[in-house]
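FYI, side chains are in, hydrogens and waters are out, and symmetry mates aren't considered; it's all heavy atoms of this structure.
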Amino acid sequence: MSDNAIRLCALDEVPVNGTNGFLVETDEGRFSAMVIRKTDDVFVYVNSCPHIGSPLDIKAGQFLNQDKTHIICTTHGALFRIDDGYCVFGPCADASLIALESSLQEGEIFITLPERNDTG
């Protein structure tokens, strides 16, 4: 596990084939993250639409469209693939959500924070 890895949540906090949102506190501030769970596979993204930066939740912690095939932005209906965060429909088509590297260890989800760029 990377030195930048932090515990996000327990796997059980995300329903099987469901989602949940979490506030992540860092030395540089805080941001919202979303976790999408397909059985025991998890996908973690920053909860921010690439179009205008708004949160994507339809309701707190709910990020999927009705048939649970895509992540949906509640602001303007953009659809993103679950596996890679790529936008397939909406005003931010061809853009992607910011993915966070994640790992599952003993029932806990850890994320790796991006390296901070101190050069500028």
Side-chain angles (χ1 to χ4, degrees):
M1 190 174 355
S2 163
D3 289 342
N4 288 354
I6 61 170
R7 180 191 178 277
L8 181 62
C9 63
L11 180 62
D12 290 345
E13 292 179 66
V14 184
V16 175
N17 299 317
T19 66
N20 206 346
F22 300 91
L23 190 59
V24 179
E25 298 276 351
T26 72
D27 292 340
E28 287 79 38
R30 67 173 101 170
F31 66 92
S32 178
M34 67 177 105
V35 179
I36 295 86
R37 180 177 175 188
K38 287 182 169 180
T39 312
D40 284 335
D41 291 330
V42 294
F43 304 90
V44 183
Y45 300 98
V46 174
N47 181 11
S48 178
C49 180
H51 179 225
I52 58 172
S54 61
L56 284 87
D57 319 40
I58 295 169
K59 293 182 184 175
Q62 294 183 10
F63 298 96
L64 299 180
N65 61 347
Q66 194 168 18
D67 57 3
K68 297 186 177 190
T69 57
H70 289 87
I71 299 165
I72 188 169
C73 176
T74 188
T75 303
H76 41 62
L79 295 175
F80 303 87
R81 292 188 302 224
I82 294 170
D83 295 347
D84 62 7
Y86 182 79
C87 183
V88 296
F89 174 81
C92 48
D94 298 326
S96 294
L97 299 172
I98 299 170
L100 296 171
E101 183 180 333
S102 64
S103 62
L104 185 60
Q105 309 223 349
E106 297 180 11
E108 304 285 323
I109 300 171
F110 289 83
I111 59 170
T112 300
L113 299 176
E115 292 290 331
R116 187 171 165 214
N117 183 355
D118 289 322
T119 60

How many angstroms lie between CD1 in I72 and CG in D57, if you round to the nearest 0.5 Å? 12.0 Å
Answer yes or no: is there a side-chain heavy-atom contact under 4.5 Å between F43 and V35? no
Kindly give the heavy-atom pair with the smallest separation between P55 and T74, and that separation in Å. O-CG2, 4.1 Å
If I compare all heavy atoms of M34 with all of L97, which pair ends up nearest, and what's the gap? CE-CD1, 4.1 Å
Taking the side chain as everything from C-beta on, heavy atoms only, tell me whether C49 gets closer than 4.5 Å to H76. yes
Has Y45 got a side-chain atom pairing as donor or acceptor with D84's backbone, closer than 3.5 angstrom? yes
L8 versus V24: any side-chain heavy-atom pair under 4.5 Å? yes
Side-chain heavy atoms of R37 within contact of T19, under 4.5 Å: no
Would you say that S48 contacts F31 through its side chain, given a criterion of any heavy-atom pair below 4.5 Å between the two side chains? no
Do T69 and R81 have side chains that get closer than 4.5 Å, going by heavy atoms? no
Do the charged groups of R7 and E106 touch, with an N to O distance under 4.0 Å? no
Counterpart residues, side chain to side chain contact (heavy atoms under 4.5 Å, CB included), relative to E25 (two or more places apart): L23, R30
For S54, give me all partners under side-chain hydrogen bond (donor to acceptor under 3.5 Å, both in side chains), at least two apart in sequence or on another chain. T75
When every non-hydrogen atom of C92 is compared with those of F80, the smallest separation belongs to SG-CZ, 3.6 Å
Could you tell me whether the side chain of I71 reaches within less than 4.5 Å of the side chain of I82, counting heavy atoms only? yes
Rounded distance [0.5 Å steps], NZ in K68 versus CD in Q62: 8.5 Å
